[in-house]
Structure formats: C-alpha cells, structure tokens
There are 2 protein chains.
Amino acid sequence: MESSEDRLCRITNRLRENSYKLTPQRLAIARVLAESRDHPDIETIYNRIKPGFPRISLATVYRNVMVIKSMGEVMEIGIPGSGGRYEGNRLDPHPHAVCERCKTIIDLEPDGMTGLLESVQRETGFEITTHRLDFFGLCEKCRKDKKA
Amino acid sequence: MESSEDRLCRITNRLRENSYKLTPQRLAIARVLAESRDHPDIETIYNRIKPGFPRISLATVYRNVMVIKSMGEVMEIGIPGSGGRYEGNRLDPHPHAVCERCKTIIDLEPDGMTGLLESVQRETGFEITTHRLDFFGLCEKCRKDKKA
DNA sequence: ATACCTGCAAAGTATTTGCACGAAA
DNA sequence: TTTCGTGCAAATACTTTGCAGGTAT
C-alpha cells in the first residue's frame, strides 16, 4: 500500500494541478483522508481536525471532501442507514466487509474482479469506471455481544 | 424469476404472519414493489400509488417500505448522491450496473459469488448475511448524449 | 372493541448554499 | 490585487415522529 505521505503528496499535487489553493484547512482534511486506515464519515473527519483548527466548520469539511472526491482522490462508501464514509488511503476498488451493527468496515483484498468487469462491459454496453463489492453481516465481536 | 403475483402473495403472507394489518395503502405499496422491474425510490413509489390513492402521504410510503424491508422482502440499493432505491421483485443478491449520469440501474446475473462469499467468512470471521456488487459507469445512451 | 394505521404537520438529520470577511497566489 | 476559501447562518432535501381520527381484525 502507498504510504500516507505519498498519498498526501499526491493529493496536494492534484490540488495544485487543478488550481485549488492550498489552505491549511484543506491540507488538514487531505491529511486526515490520506492517513486514515479506517473509513471515517464527515463528522469523524471534522472531529479529527478540530483540535488543530477549533474554528473549522462542518461546511468546509463537506466542501473539501467533495473537492478531493471530484478529483478522484478519495472513494465514498455509502452504507444504508448512515451518512457517507470515506476512504482516502487507497484508490483501487476493493471489497469491504461491513458490520451492520457497529458499522465497522474492513478492507479485503481484491480478487479476480477484472474478468468479471470485462464481461459486464460486454453484456451491458456500459463504460464501467468503478465498482464496489461489499459484504454485510456481523463481525465477530458483535456476534458475541449479541449472545451476551 | 418469480412472477409479480407470487411476489405479492409472498409479501402479503409475510405481513399476515407478522400480524400487520392489510390496509389498502399497504397493499398498494407491496404491489408496486412486487411489480417494479426498475428500481424506484420512495418518491417514485409514491407517485405510482397516488392515482389510486390521491390522499396517501409520503410518510405512509416510508413507513411501509420500511416494514416490508424489515421482513426482508425488499432490498435497498443505496447509490451515492441520491436517496435509497428499492428492489422488490427479486430477493437474491445480484450485481447491478449503475449509470452515474441518469441513475438507471440494470440487473445483472449473479456469477460465482458463493466461493468468494465463503472465503470472506473464513478470512474475516464475519457472519455474512448479504452482499452487493455494483458497477458504476455510463450507460450507452449517456455515452452518446455526452458526445453530442 | 381493540389495536393498529393513516394523513397531516412538525421535528429531525444530513448536506448545501449565500454572504461578508480573510487569505493564498 | 485578484480570486478563491472560510465560517457562519440560513436553506434544502430527505426521512422520521407525534397526534387525532379512522379502519382492519
């Protein structure tokens, strides 16, 4: 996996390329995305930034995550019954295991998706840009907690 | 594929089993779900019912889709940047091709997912209840429209 | 008769937008 | 200096909830 620093560099380069100004808030948001090994939602990102920027607003976080997403440098993982979750440390589509109880998201390794992808393009006539493969269920911890 | 009538029967039976009253509005919502070959959102369901029930409220549609979903008789397809979409005519998880421009959703046939599923359970310790595999891109029509 | 449902309006969430001031280039 | 970005507050969109009257069983 690319290092957090590499990811951050890449994001800031893309911001420059696209003539976005490198404000401290924007950089802080990019850093949180690049460094996160979990899959934070907007509010979590906001809370991680607040210690360094006590006056930052939620709107700024929304705006900048959207900017970075529009450049394709962060992926949104939408899970039913909760706001968007974001993954900025890797950009290749890969499967997730989502716990429906505690909302934990675990990254899985991609598996022969390419063959599948080609056959979908052929069958549907779609030009496929990305995909998602997510498994839903209960993680080990929640299985135990439920019994107790 | 199960016929719409079979699907509707199954849903009404499950409603009875769970002691839900069979109100005309509830039945109308179940029928729309059972008959839809597309993937309507709440408002679309509402609009399809309105001709027969001009005074039905959006809240009733929300409530009943939720009831039917809680019995596992309709699947929710969440796509980023739009409200929930619902699929009531088939219950087996299967892949979709989603057009990011016009939001059309096309059903695909499931493909050797079971092997993949087992290895995920083994690797993560999750108890997997369902999954989703969705491909995003541009449908043929939107590809042409974009060029024009 | 009873418990559940409905429509309406109000309240919640989550997210976006208008604006005046401030900061990056 | 110019253009863009920020924080704030208001607006929007989507969904849920409280309630009084109505309906299925």
Side-chain angles (χ1 to χ4, degrees), chain A residues 11-33 39-71 73-74 76-86 103, chain B residues 11-33 39-71 74-86 103:
Chain A
I11 297 176
T12 55
N13 285 339
R14 306 279 334 267
L15 285 168
R16 261 189 289 266
E17 278 169 37
N18 291 288
S19 317
Y20 287 111
K21 294 185 176 169
L22 300 184
T23 66
Q25 293 93 329
R26 186 165 277 163
L27 287 174
I29 292 163
R31 167 168 288 113
V32 168
L33 290 172
H39 307 79
D41 60 13
I42 294 288
E43 187 133 17
T44 303
I45 297 168
Y46 171 70
N47 287 326
R48 286 181 188 169
I49 289 167
K50 243 183 166 172
F53 297 81
R55 311 193 58 79
I56 199 172
S57 80
L58 213 38
T60 297
V61 180
Y62 273 106
R63 279 188 281 235
N64 282 302
V65 170
M66 206 160 24
V67 163
I68 298 172
K69 186 186 165 197
S70 74
M71 303 187 311
E73 294 297 327
V74 66
E76 180 177 353
I77 307 169
I79 63 179
S82 93
R85 301 277 292 266
Y86 296 88
K103 312 295 181 194
Chain B
I11 297 176
T12 55
N13 285 338
R14 306 278 334 266
L15 284 169
R16 262 188 289 268
E17 278 169 37
N18 292 64
S19 316
Y20 287 110
K21 294 188 175 164
L22 300 184
T23 65
Q25 295 91 330
R26 185 164 279 164
L27 288 174
I29 292 164
R31 168 168 287 113
V32 168
L33 289 172
H39 306 80
D41 60 13
I42 294 289
E43 186 134 19
T44 303
I45 297 169
Y46 171 71
N47 287 326
R48 286 180 189 170
I49 289 167
K50 244 183 167 172
F53 297 81
R55 311 195 58 78
I56 200 173
S57 79
L58 214 37
T60 296
V61 179
Y62 273 106
R63 278 189 280 237
N64 283 300
V65 170
M66 206 162 20
V67 163
I68 297 173
K69 186 185 165 199
S70 74
M71 303 187 310
V74 67
M75 290 195 299
E76 180 176 353
I77 307 169
I79 64 178
S82 93
R85 302 276 293 267
Y86 297 88
K103 311 296 181 194

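Letters A, B, ... are given to chains in the order of the sequence lines, protein chains preceding strands, and every chain is numbered from 1. Worth saying up front: this structure is predicted, and the values here are computed from it rather than measured.
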| task | Kindly give the heavy-atom pair with the smallest separation between Leu58(A) and Glu43(A), and that separation in Å. | result | CD1-CA, 4.5 Å
| message | What is the distance, to the nearest angstrom, from the CG atom on Leu15(B) to the C1' atom on dT25(D)? | response | 14 Å
| task | Would you kindly compare Pro24(B) and Ala59(B) by the position of their nearest DNA chain D nucleotide and give the one closer to the 5′ end? | result | Ala59(B)
| task | Check whether any side-chain nitrogen or oxygen of Gln25(A) sits under 4.0 Å from OP1 or OP2 of dG7(D), and answer yes or no. | result | yes
| message | Quick check on dT6(D): is either OP1 or OP2 less than 4.0 Å from any side-chain nitrogen or oxygen of Thr23(A)? | response | yes
| message | side-chain contact (heavy atoms from CB on, under 4.5 Å), that's the test. Do Thr60(B) and Arg63(B) meet it? Break it down for me. | response | CA-CA 5 Å; Thr60(B) 296; Arg63(B) 278 189 280 237; 4.0 Å; yes
| request: Would you name the heavy atoms of Tyr46(B) and Ser57(B) that are closest together and state the gap between them? | output: CE1-C, 3.8 Å
| query | Listed in order of residue number, which residues of residues 39-58 of chain B have a non-hydrogen atom at under 4.0 Å from DNA chain D? | reply | none
| Interatomic distance where CD1 belongs to Ile29(A) and P belongs to dG5(D) [whole Å] | 12 Å
| Take atom CZ in Arg31(B); do more than 12 heavy atoms of anything else shown fall under 6.0 Å from it? | no
| request: Figure out the CG/P separation between Asn18(A) and dG5(D), and round it to whole Å. | output: 11 Å
| note | Heavy-atom closest pair (Leu22(B) atom, Thr12(B) atom, distance to 0.1 Å) is CD2-O, 4.3 Å
| said: Distance alone, cut at 3.5 Å: any donor-acceptor contact between the side chains of Asp41(A) and Thr44(A)? | reply: yes
| query | What's the CG-C1' distance between Leu27(B) and dA24(D), to the nearest Å? | reply | 11 Å
| Side-chain N or O of Tyr62(A) closer than 4.0 Å to phosphate OP1/OP2 of dT15(C) | yes
| Between dG5(D), dG7(D), dA24(D), which one does the side chain of Arg63(A) approach most closely? | dG7(D)
| request: Provide, to the nearest angstrom, the distance between the CE atom belonging to Met66(A) and the P atom belonging to dT6(D). | output: 12 Å
| said: Rounding to an integer number of Å, can you tell me how far Arg85(B) CZ sits from dT15(D) P? | reply: 12 Å
| query | How long is the gap from CG on Asn64(A) to CE on Met66(A), to the nearest 0.5 Å? | reply | 9.0 Å
| field | From dA23(C), dC8(D), dT16(C), nucleotide with atom closest to Lys21(A) side chain | value | dA23(C)
| Could you give the OH-to-C1' distance, from Tyr20(A) to dT6(D), as a whole number of Å? | 16 Å
